Amino acid sequence: MNFDPLNTAPELQGGVIECPEFDLDLTLNSGQVFHWIPAFEGFEGCIGETPCFIRQKENLLYYQGGNAVLIRNYFALDHNLSLIRDSCANHPASYDAAKACRGLRIMRQPRWECLATFILSPMKQVAHIRQMSLALRMGYGRKLSGSSVPAFPEASVLASVTERDLRQCGLGFRAGALRETSRRISSGDFDLENLSSMNTEDARKALCSLPGIGRKVANCILLFAYERLDVVPVDVWISRVLVSFRSRKAKSAEELERYGQRLLGPYAGYIQQYLFHRARTEKSKYPRKLKSIGSRPSYSKTAKASPRRILKTK
DNA sequence: GACCAGGTGCCAG
DNA sequence: CTGGCACATGGT
């Protein structure tokens, strides 16, 4: 091991594990997780409350903090990617995307931080979600010795601060939803662990009862924190992709979702992630003009230009 | 400045 | 059930 040690905290033990068919960089930048920061040609962050530094060199994963079992589980190194890829081999466009994203894995994220983070996601770009997530961690999360990225704040903490405070983190209109959801969870009114024993449909319905969580966000949570690998979150990008796959046009986002599941098979959520990544990174293959379903708000043209512009500081 | 971002909630017809 | 709009913020 020749990388620079991030620090010398005694609790950070180093180690290395094999990771065939894994692309750490691709996985951490695919829009499923938002708190890993590039450092020393690797990434620093945390897995739940465990501070961690990770760096990949070919088929080896070097780490400080955590342990091999924790890391293998978090990055889902046990998923059989060739099996998953082959599950869509009958659909050329998807198969191409899957092959182009070789090594991208759908991780197993801690429930609460995944749920809370995706409440932040509506009408935000991946880079912005990252900003908000880090602002919340810095402001209200537990400091972890060994990583400059704090843990995600507990629900009870977020429930105890004001909506104003949350808006200070750049959350905008999402602040109220995050606060109220935090309250529902920290009060014991809503139990995230219960969902894991429920079927996907029931779990989705339960998630959608929380403020700020609609079908799309619920699907992200089911896919990224409950390992429901067949679930397809339909956002602007996936909407464009699926629309481009067929001539007949869909009437609703939900119909597109069913179409996606049928088309992409038992690992539709995984394949969706490949398509999402490709659509987002391959420039202008999917025109933004196309009115995609259920996501493009039409801002009122009559609304007056905000006077807030005047008080803009700096 | 206009446009857009891993949408949701609410309300009218 | 469907269509239309408001909701905050920041980057290109």
Side-chain angles (χ1 to χ4, degrees), chain A residues 28-34 104 106-107 109 114-136 163-181 204-205 207-225 231-242 249-257 260 269-281 283-284 286-314:
Chain A
L28 292 180
N29 287 306
S30 67
Q32 56 178 313
V33 69
F34 305 92
L104 198 177
I106 289 190
M107 303 158 53
Q109 294 185 51
C114 178
L115 181 150
T117 304
F118 274 94
I119 284 182
L120 309 181
S121 71
M123 301 302 298
K124 278 295 181 189
Q125 298 188 1
V126 169
H128 297 151
I129 302 171
R130 194 169 277 140
Q131 280 183 197
M132 294 184 285
S133 158
L134 287 172
L136 285 175
E163 186 174 327
R164 256 183 88 85
D165 292 331
L166 295 181
R167 281 180 187 254
Q168 289 301 104
C169 296
L171 302 201
F173 59 79
R174 302 155 195 82
L178 179 61
R179 204 180 101 85
E180 175 59 13
T181 291
R204 181 189 292 119
K205 194 185 295 184
L207 286 169
C208 287
S209 74
L210 295 169
I213 301 186
R215 192 177 178 97
K216 150 65 175 64
V217 168
N219 283 344
C220 285
I221 297 163
L222 289 168
L223 179 60
F224 300 134
V231 167
V232 178
V234 177
D235 72 325
V236 277
W237 296 100
I238 290 301
S239 178
R240 288 175 196 136
V241 171
L242 292 178
K249 61 174 171 182
K251 318 183 292 285
S252 66
E254 207 169 320
E255 194 211 326
L256 261 193
E257 180 183 329
Y270 240 105
I271 310 303
Q272 168 274 153
Q273 196 65 11
Y274 297 145
L275 292 168
F276 171 78
H277 186 265
R278 166 169 268 199
R280 209 165 63 83
T281 51
K283 43 215 91 181
S284 70
Y286 301 95
R288 309 188 174 205
K289 284 276 81 116
L290 268 181
K291 171 145 188 155
S292 39
I293 302 208
S295 39
R296 286 274 306 279
S298 41
Y299 290 95
S300 167
K301 302 300 182 195
T302 63
K304 298 229 63 98
S306 115
R308 149 173 80 78
R309 183 157 41 84
I310 299 167
L311 10 139
K312 184 170 161 193
T313 56
K314 266 197 212 142

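It should be emphasised that the depicted structure is a prediction, and the values quoted were computed from it without experimental measurement. Chain letters run A, B, ... following the sequence lines, proteins first, then strands; residues in each count from 1.
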Pick the [atom1] atom in [N] and in [M], then give their distance to the nearest Å.
| N | M | atom1 | answer |
| --- | --- | --- | --- |
| dA5(B) | dC7(C) | C1' | 14 Å |
| dG11(C) | dT8(B) | C1' | 23 Å |
| dC4(B) | dC5(C) | P | 16 Å |
| dT9(C) | dG1(B) | C1' | 16 Å |
| dC3(B) | dA6(C) | P | 15 Å |

In whole angstrom, give the distance that lies between atom [atom1] of [X] and atom [atom2] of [N].
| X | N | atom1 | atom2 | value |
| --- | --- | --- | --- | --- |
| L178(A) | dT9(C) | CG | C1' | 16 Å |
| E255(A) | dG3(C) | CD | P | 12 Å |
| I213(A) | dG6(B) | CD1 | C1' | 14 Å |
| M132(A) | dC7(C) | CE | P | 18 Å |
| M123(A) | dG7(B) | CE | P | 7 Å |
| K124(A) | dA5(B) | NZ | P | 13 Å |
| L134(A) | dG10(C) | CG | C1' | 15 Å |
| W237(A) | dC4(B) | CH2 | P | 11 Å |

Closest-nucleotide 5' rank along DNA chain B - winner of P211(A) and F224(A): F224(A)

Does G212(A) or H128(A) map to a spot on DNA chain B nearer the 5' end, using the closest nucleotide for each? H128(A)

What are the two closest heavy atoms between L136(A) and C169(A), and how far apart are they? CD2-SG, 3.9 Å

In short, C114(A) meets F224(A) closest at the heavy-atom pair SG-CB, 3.8 Å

Based on Watson-Crick and G-U pairs with both distances under 3.5 Å, what dot-bracket line describes DNA chain B 5' to 3', crossing pairs as [ ] and inter-strand pairs as |? .||||.|||||||

Can you identify which nucleotide, out of dG10(C), dG6(B), dT8(B), has its nearest atom closest to the Q131(A) side chain? dG10(C)

Is there a donor-acceptor pair closer than 3.5 Å between any side-chain N or O of R174(A) and the backbone N or O of L171(A)? yes

If only atom types and distance count, is the side chain of Y270(A) paired as donor or acceptor with the main-chain N or O of L104(A) below 3.5 Å? no

Quick one: side chain to side chain donor-acceptor pair (under 3.5 Å) partners of Q32(A), sequence neighbours excluded? S30(A)

Any R240(A) side-chain nitrogen or oxygen under 4.0 Å from OP1 or OP2 of dA5(B): yes

F276(A) stacking on dG6(B): centroids under 5.5 Å, ring planes under 30°? yes

For the residue pair [X] and [Y], establish whether any side-chain heavy-atom pair is separated by less than 4.5 Å.
| X | Y | result |
| --- | --- | --- |
| R167(A) | R164(A) | no |
| R204(A) | I221(A) | no |
| L28(A) | M107(A) | yes |

Pick out which of E254(A), K216(A), E255(A), E257(A) makes a side chain to side chain contact (heavy atoms under 4.5 Å, CB included) with V234(A). E257(A)

If you look at every strand shown and take non-hydrogen atoms under 4.0 Å, does S30(A) touch a base, only sugar-phosphate, or nothing? base

Checking L275(A) against I238(A) for the side chain to side chain contact (heavy atoms under 4.5 Å, CB included) test, could you report, in this order, the C-alpha distance in whole Å, the side-chain angles of both residues, the deciding distance, and whether it holds? CA-CA 7 Å; L275(A) 292 168; I238(A) 290 301; 4.2 Å; yes

Which residue lies more 5' along DNA chain C, comparing P122(A) with A127(A) via nearest heavy atoms: P122(A)

Residues from residues 166-174 of chain A sitting under 4.0 Å of DNA chain B, heavy atoms only? F173(A)

